[in-house]
Amino acid sequence: MKVAIIRFPGSNCDRDVYHTFKLAGGEADYVWWSKRDLSSFDGIIIPGGFSYGDYLRAGAIAAITPVIEGIKDAVKDEKPVLGICNGAQILAEIGLVPGVFTNNINAKFMCKWTELKVKTTRTPFTNMYSAGDIIKMPIAHGEGRYYNDEIEKLKDQDQIVLSYEGENPSGSMEAIAGVCDENGLVCAVMPHPERSSESILGSDDGLKFFKGMVNY
Amino acid sequence: MTLTEAESEYIRKEIGREPNTLEYGMLDIMFSEHCSYKSSRPILKLFPTEGDKVIIGPGDDAGIVELTDELALVIGMESHNHPSAVEPYGGAGTGIGGIIRDIISMGAMPVALLDPLRFGYLDDERSRYLFEYVVKGISDYGNRVGIPTVGGEIEFDATFQLNPLVNVVCAGIVRKDSIMRGIAPNVGDIFVLMGGRTGRDGIHGVTFASEELTTSSELEDRPAVQIGDPFTKKNVLDATMEALDKIDVQGLKDLGGGGLTCCVSEMAAKGGNGAIVKLEEVPLREEGMTPYEIMLSESQERMIFVIHPEDEDQLIEIFDKYELPRAVIGTVTGTGRFEVIDNGEIIADIPTGMLSDPPTIERECAIDHLSTDDITGVQLEKIGIKNPIVKEGDLKQTLLNVLSSQNVASKEWVYRQYDQEVQIRTVVKPGDDAAVIRVDDETAFTITSDCNSSHTKLNPYHGGAGAVAEAIRNVVSMGSEPLCIVDCLNFGNPEKPHIFKQFTDCVQGMADVANRYQTPVISGNVSFYNETEGVTINPSPAVGVAGLIKIKDVKTFEFKGEGDKIIIIGETNPELSGSEYQKLILGKVEGQPPLVNIEDEYKNAMAVLNLIREDSENNVTAVHDCSTGGIGVALSEMALSGDLGAEINLSWVPASEELDDFELLFSESHGRFIVTVKEKALEEIMDKLEVPAAVVGTVKGDSLVINGSLKIPLSEIRDTYHGVIEKYMA
C-alpha cells in the first residue's frame with residue numbers, strides 16, 4: 001500500500017502521518033496540492049493542520065485546489081481515503097463525507113486526550129478493531145462539532161465510525177468524532193490516530209487505523 | 001527618538017558629520033535598549049556561558065548545545081510585553097512569531113514552545129481581557145505554525161495589571177553539520193529578502209519597548225505593534241527548511257526588532273563586511289512608503305538569506321512554490337559600511353560596526369532611593385520586622401484556599417487551547433514539572449520555565465537564584481541533568497538606580513546557581529521599562545532550563561501505586577514570607593523570602609538524579625519538586641494526577657528546626673523534592689541517600705490524610721483545584 005499524503009500550505013501533521021504510516025508497514029509520498037493525477041497511489045491521507053490558515057472556514061480554500069479532483073478520482077476507483085482533523089474538515093467541505101464540522105461548542109481550540117468508541121468495523125481503517133472497542137486518541141481542533149441534518153440516515157447506513165465516550169468535547173451531534181461515506185472507504189475523523197500510535201506518546205491504540213489501511 | 005545627548009555626540013564624532021534623518025532613525029533603533037542591551041551587557045557578563053556541550057552561546061539569534069552525536073538543541077527566549085499590553089492578541093502572536101524565526105534562523109526545526117505569562121489578578125476586568133486575548137493569540141499562532149506548546153507558567157500579581165509580561169521560549173532541533181549563522185561572510189554574495197511584505201507596522205517597535213508605558217499608549221502606540229500572520233509564517237518555515245536542504249546558504253537571519261536596519265547591519269558586521277541595500281527592490285505592502293519607514297519597519301514573517309549569486313534562480317524557485325514575496329535587495333561589500341541606495345542615490349552611509357555595537361552605558365546602582373513599594377526583605381530586617389507571619393484558620397481550609405488561589409489552581413483552561421502534541425514528540429505533556437520531548441528512539445530533552453516574582457521582589461538575589469534553582473529542580477525531577485539555561489529578565493526602568501540594583505543582584509543570584517551546576521546560560525533577553533502609570537512590575541527573571549534524558553529514565557509526578565512510600569528530600573525552613581500562604585492570609589507580600597542555600601540545593605538535586613539513574617528496577621515511582629504552595633500543594637498535585645490518596649505525618653518532614661504544621665505544609669523553602677518508591681526498595685534507597693531525607697507517609701486510598709486525623713477527600717481537592725480560572729473566564 002503506497003499512499004499519497006496531501007500537503008497544502010499550512011498542513012502541519014504531514015510528517016507525523018508519514019512517520020506513522022511507515023511504522024504501520026506502509027509506503028508514503030508527499031504530494032503538493034497542485035498535483036491533479038494521483039493514479040499511481042493506492043490510497044490517500046489528508047493530514048491535519050491549518051490548510052490556508054483556516055482563513056474563511058476550515059478546509060474551504062483547500063476544497064478548490066487541483067488535488068481535490070485527484071482525490072475524487074481515487075474515490076471512484078474505490079481506493080481508501082482518510083482525512084484526519086483538518087483533512088476531515090476538507091472531506092466534509094467537498095462532500096465526500098456527509099455533514100459538517102463546525103466551531104466547538106465552547107468556541108475555543110481544544111487539545112486533549114479523549115476516549116472513543118469504535119462504532120463500525122466495516123471501513124478499512126477500523127476493521128482491525130472490534131465494534132464497541134474503547135480506544136484513546138487526542139483531539140486538537142477548534143472546529144470539530146459534527147452536525148448533520150440527516151442524522152438518522154447516517155445511523156441507518158452505518159456511517160458513524162467513532163464517537164466520543166464520556167465527555168463530548170466539541171459538542172458534536174450524537175457525540176460523533178468520525179464518519180464515513182456510504183461505501184465506508186472515505187473516512188473523516190477529528191481525533192489524531194497518528195498521535196496515539198506509539199505507547200511512548202501515551203497510547204498505541206491508533207496504529208490499527210493505519211495497519212488496517214496497509215492491509216486493505 | 002531615545003538617543004541621549006552623549007550618544008548623539010559620539011555618533012557625530014565617529015562619522016565626522018551630522019547624520020541625516022534616516023541615519024538618525026537607523027542609529028536610534030540600534031542604540032535602543034532593546035537592540036543594544038547597552039545597560040545590561042556589562043552585568044550579563046556574570047553568567048557562565050561556556051561548557052563542553054555549548055556550540056553557540058549568547059550573541060546570536062539563539063543558543064545551541066549538543067544533544068547527540070548528530071543533533072543539537074537550539075533554544076531562545078523572548079519577551080513581547082509592551083506590545084501585549086497595548087494589543088494582547090497581536091502582541092502575543094508576534095512574540096511567538098519572533099522567537100520561532102530566531103530558531104529557524106539557526107537552521108533548526110522548531111519543536112517546542114513554552115509561555116511564561118504574568119497578569120493582574122483576574123478579579124479585574126482588564127486583566128481578564130489581557131489574559132484571554134494573550135492566550136488566544138498564542139493558541140492561534142503556535143497551533144497554526146504546527147509547533148507544540150508544551151509548557152510555561154502563569155503568575156498573577158497586582159503589579160502586572162497594566163503591564164502584563166508575555167515571555168516565550170522556543171526550542172528547535174538541528175543537525176550539527178547544518179547549523180546556520182546570521183552572517184554575511186563573503187563579499188559579492190547577495191541578500192535575498194523573503195516572506196511577508198514590508199509595511200508600515202511596527203515602526204519604532206523597539207524604541208517603544210525601551211520606554212515606560214502610559215495609559216494613552218493603547219491609542220498612541222498601536223502602530224508600533226506588529227501584525228503577525230501565522231499562515232505566512234508556516235510557509236516561511238517550510239520554504240526555509242526546503243531551501244536549507246537544497247541550497248548552500250551562506251547566512252540566514254530573521255527580521256525582528258529593528259527590521260532591515262538591524263538584520264543587514266548585524267549580518268554584515270559579523271562577517272566583517274559592508275552591505276548595499278537597494279530600497280526600490282524591497283517588496284512593499286503599500287505604496288508611498290518613505291525610506292525611513294522601509295528601513296525601520298518591523299513587519300513580520302520576513303527572513304534574509306545570504307547566498308552566492310549563482311544560487312539565486314534555484315532559491316527563488318523554492319520561494320515561488322510557496323507563493324512567498326521575495327527579492328534580491330542588495331549585496332555584501334568589502335567596505336565595512338552600510339549603504340542604503342534609493343534609485344541610484346546613496347541616502348544613508350554608516351559603518352556597520354557602529355550600528356551593531358553601540359557603546360554600553362554604566363547605570364547607577366543604589367538602594368538609597370526606595371519608595372515604600374520597593375521595601376524588600378533586607379530593609380524590613382534592618383528596621384526590625386522579622387517575618388511577621390500570622391498563622392490562623394484550620395489546616396484543611398487553608399490548604400484548600402491555597403489550592404484554589406489563582407497562582408496555584410490548575411491552568412488547564414490555558415493549555416487546553418494549545419496544541420501540545422503536533423510533531424508527535426511530546427512524551428510528557430503539560431502539567432508535570434517539565435515537558436519531555438523526544439529526539440530519537442532513545443533520547444529526549446526536558447524543558448521547563450520558572451520564576452517567582454514575589455520572592456524576587458523581596459530579595460532580588462535569592463529570587464534570581466531561586467528561579468534557576470527551581471527550573472533545574474524541575475528538569476531533575478523528570479530524571480534529566482540540566483543542559484543549558486535561557487532567560488528573559490523583566491524589570492522596570494534601568495535608569496532608576498534601585499531598579500538597576502534589583503537587576504544586578506538578580507543576575508548575580510542566577511549566575512551563582514548556574515555556576516554551581518556548571519550549566520551555561522546560552523541565550524536570553526532583557527526587557528526593561530516595565531512600568532506603567534507609576535507602577536513597577538515585580539522583578540521577574542523568567543528562566544528556561546532544558547535537560548538531557550534517556551527516554552527509559554523519564555519519571556513523572558503522579559502517585560502510581562498503593563503502598564508506595566513517600567520520601568521528602570531536603571530540609572524545610574520557616575520560610576513563609578513571600579509564599580502563596582502569606583499572600584492569602586496577610587493579603588500582602590513582605591519579609592525575607594525563601595533563601596537558596598546553593599550547596600544544599602545542588603547536593604539534594606544530585607542525590608535525586610543519582611537515585612533515578614541507578615533505578616534500573618524502576619523502584620522510584622514518582623518525583624516532584626516543591627515550590628509555590630510548598631509541600632501541601634506538591635502532595636495534592638501528585639495525588640490528583642495519580643488519582644490516589646496518601647497518609648502523611650508532618651512531624652516526620654525533615655526540618656531545620658521545630659516547625660508548626662503551617663510552616664511544614666506551606667513553607668516555600670528551596671532544595672526540596674518529594675519522591676515515591678516501592679516499599680520493597682525503601683531501605684536500600686534510604687541507605688543510599690546522603691542528604692537530609694525522611695519517609696513521611698504512604699500512598700493510599702482516596703483521601704489526603706494528614707497526621708492521622710485530618711482527612712481531605714481527593715474529590716474535594718479536585719473540585720477546589722480545578723475550575724478556578726474557568727469560573728473567571730466564563
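Nothing here was measured: the structure is a model prediction, and the numbers come from that model.
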| field | Nearest-0.5 Å distance that lies between atom SG in A:Cys13 and atom CD1 in B:Ile424 | value | 9.0 Å
| remark: To the nearest 0.5 Å, atom CD1 of A:Ile139 lies from atom CZ of B:Arg416 at 9.0 Å
| If every non-hydrogen atom of A:Ile200 is compared with every non-hydrogen atom of B:Ile551, which pair is closest and at what distance? | CD1-CG2, 3.0 Å
| task | Please say whether more than 12 non-hydrogen atoms of neighbouring residues, nucleotides or ligands are located less than 6.0 Å from NZ in A:Lys211. | result | no
| Atom of A:Asn12, atom of B:Lys234 and distance for their closest heavy-atom approach | CB-CE, 3.6 Å
| remark: dist A:Met137:CE -> B:Glu421:CD (nearest 0.5 Å) comes out at 13.0 Å
| field | Under 4.5 Å from a heavy atom of chain A, the part of B:Lys321 involved | value | both
| said: Is it the case that over 12 heavy atoms from other parts of the model lie below 6.0 angstrom from the NZ atom of B:Lys411? | reply: yes
| said: Tell me which one of A:Arg195, A:Arg15, A:His192 satisfies side chain to side chain contact (heavy atoms under 4.5 Å, CB included) with B:Val422. | reply: A:Arg195
| field | Proximal component of A:His19, with respect to chain B [non-hydrogen, under 4.5 Å] | value | side chain
| task | Check A:Gly53 against B:Arg144 and note the closest heavy-atom contact, atom names and distance. | result | O-NE, 2.7 Å
| Counting N and O atoms only, with roles assigned by atom type, does the side chain of B:Lys429 sit under 3.5 Å from a partner on the main chain of A:Lys112, one being a donor and the other an acceptor? | no
| If you count heavy-atom pairs under 4.5 Å with chain A, which of B:Val428, B:Asp238, B:Asn235 comes out on top? | B:Asn235
| Do B:Arg438 and A:Glu198 meet the salt-bridge criterion of a basic N to acidic O distance under 4.0 Å? | yes
| task | Please work out whether the ring planes of A:Trp32 and B:Tyr322 are parallel, tilted or perpendicular, with thresholds of 30° and 60°. | result | perpendicular
| So do A:Lys108 and B:Trp413 actually touch side chain to side chain, heavy atoms under 4.5 Å? | yes
| query | So do A:Phe109 and B:Lys136 actually touch side chain to side chain, heavy atoms under 4.5 Å? | reply | no
| said: Counting C-beta onward and ignoring hydrogens, is there a side-chain heavy-atom pair between A:Cys111 and B:Gln417 closer than 4.5 Å? | reply: no
| request: Answer with side chain, backbone, both or neither: which region of B:Asp419 has an atom nearer than 4.5 Å to a non-hydrogen atom of chain A? | output: both
| task | Check A:Pro9 against B:Phe231 and note the closest heavy-atom contact, atom names and distance. | result | O-CE1, 3.3 Å
| query | Which bit of A:Ser197 comes within less than 4.5 Å of chain B, counting heavy atoms only: side chain, backbone, both or neither? | reply | neither
| Around atom OH of B:Tyr728, are there more than 12 heavy atoms of other residues, nucleotides or ligands at under 6.0 Å? | yes
| request: Under 4.5 Å heavy-atom distance to chain A, tell me which part of B:Thr426 shows up: side chain, backbone, both or neither. | output: backbone
| Is it the case that more than 12 heavy atoms not belonging to B:Glu317 sit under 6.0 Å from its CD atom? | no
| said: On a heavy-atom basis, which atom in B:Asn143 and which in A:Phe50 lie closest, and how many Å separate them? | reply: O-CE1, 3.2 Å
